[in-house]
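Single-structure report; data block below.
Everything quoted here is computed from the prediction, not taken from an experiment. Values below: all heavy atoms of this structure, side chains included; hydrogens, waters and symmetry mates excluded.
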Amino acid sequence: MSVRLRRIYEPPEPDDGLRVLVDRLWPRGLAKDAAHVDEWPKALTPSTELRRWYHAGEGGYDEFRRRYEAELAAPEAAELLDGLRESARGGPVTLLTASKAPGKSHAHVLLDLLRS
């Protein structure tokens with residue numbers, strides 16, 4: 001299973017496979033046709049409340065991760081996550097995020113869950 005994480009501002013590469021935007025909001029300054037996004041499953045993204053809580057600095061990454069994984073257990077999100085796992089079994093999947101620190105973001109949580 002091949003899953004990787006990239007910033008959406010990086011140019012697409014031939015080996016990206018299925019390109020999945022995992023941010024709730026569309027990235028600033030990026031035209032939709034230039035992004036080459038195949039899927040945008042907003043139900044896989046953190047809730048607005050959780051995203052605001054984390055970006056306000058009210059909690060650390062470990063607590064954010066715990067809360068986000070709890071949100072991903074909801075039926076719609078769990079179904080979408082299973083669908084991504086199935087896609088990754090069939091070929092490469094690239095998770096795309098606008099986060100400046102992808103390693104401490106929700107996208108990294110998704111990457112870990114898909115690889116496990």
Next on the checklist: Test your reading of the model: is there a side-chain donor-acceptor pair from Arg6 to the backbone of Thr94, 3.5 Å cut-off?
Outcome noted: no
Item to check | Contact summary for Leu5 and Ala107, nearest pair of heavy atoms | outcome: CD1-CB, 3.5 Å
Item to check | Shared hydrophobic cluster for Trp26 and Val20 (ILVMFWY, side-chain gaps under 4.5 Å) | outcome: no
Checklist entry - With the threshold set at 4.0 Å, does a side-chain nitrogen-carboxylate oxygen contact exist between Arg115 and Asp112? => result no
Checklist entry - Given Glu71 and Leu50, is the side chain to side chain contact (heavy atoms under 4.5 Å, CB included) satisfied, shown in steps? => result CA-CA 9 Å; Glu71 289 186 355; Leu50 180 57; 3.6 Å; yes
Checklist entry - If Ile, Leu, Val, Met, Phe, Trp and Tyr residues are connected whenever their side-chain heavy atoms lie under 4.5 Å apart, and connections chain through other members, are Val37 and Leu81 in the same group? => result no
Next on the checklist: Counting neighbours of CZ on Arg28 that are heavy atoms of other residues, nucleotides or ligands and sit closer than 6.0 Å, is the number greater than 12?
Outcome noted: no
Checklist entry - Where do Ile8 and Ala35 come nearest, in terms of heavy atoms and distance? => result CD1-CB, 4.1 Å
Item to check | Considering all heavy atoms, the nearest Pro12-His36 contact | outcome: CG-CD2, 3.2 Å
Checklist entry - If you measure from the Lys or Arg side-chain nitrogens to the Asp or Glu carboxylate oxygens, is any gap between Arg19 and Asp16 under 4.0 Å? => result yes
Checklist entry - How long is the gap from NE2 on His55 to OG on Ser99, to the nearest 0.5 Å? => result 7.0 Å
Checklist outcome for this item: Leu80 and Pro41 have their tightest heavy-atom pair at CD1-CB, 4.1 Å
Checklist entry - Is Pro27 close to Tyr9 at the side-chain level, that is, under 4.5 Å between some pair of heavy atoms? => result yes
Next on the checklist: Holding to ring pair (Phe, Tyr, Trp, His ring centres under 6.0 Å), I want the full list of residues that pass it with Trp53, two or more places apart in sequence or in another chain.
Outcome noted: none
Item to check | From CA spacing to verdict: side chain to side chain contact (heavy atoms under 4.5 Å, CB included), Val109, Glu69 | outcome: CA-CA 8 Å; Val109 174; Glu69 286 179 356; 3.9 Å; yes
Next on the checklist: To the nearest 0.5 Å, what is the distance between OH on Tyr68 and CD on Glu63?
Outcome noted: 15.5 Å
Next on the checklist: In this structure, would Trp40 and Leu44 fall into the same cluster of hydrophobic residues linked by side-chain contacts under 4.5 Å?
Outcome noted: no
Checklist entry - Can you find a heavy atom in the side chain of Leu84 that is under 4.5 Å from one in the side chain of Leu95? => result yes
Checklist entry - Between Asp15 and Arg4, does a side chain to side chain contact (heavy atoms under 4.5 Å, CB included) hold up when you go through it step by step? => result CA-CA 10 Å; Asp15 60 345; Arg4 68 180 179 166; 3.2 Å; yes
Checklist entry - Does any non-hydrogen side-chain atom of Tyr61 lie less than 4.5 Å from one of Arg65? => result yes
Item to check | Verdict with reasoning, Asp23 to His106, per side chain to side chain contact (heavy atoms under 4.5 Å, CB included) | outcome: CA-CA 9 Å; Asp23 292 345; His106 69 286; 3.1 Å; yes
Checklist entry - Once you round to the nearest 0.5 Å, how far does NZ of Lys104 lie from CG of Asp62? => result 6.5 Å
Checklist entry - Could you state the interatomic distance from NE2 (His108) to CG (Leu113), rounded to the nearest 0.5 Å? => result 10.5 Å
Checklist outcome for this item: Looking only at heavy atoms, the pair that brings Ser105 and Pro102 closest together is OG-O, 2.8 Å
Item to check | Side chain Arg7, main chain Leu96, donor-acceptor under 3.5 Å | outcome: no
Item to check | hydrophobic_cluster_shared for Leu21 and Leu30, side chain cutoff 4.5 Å | outcome: yes
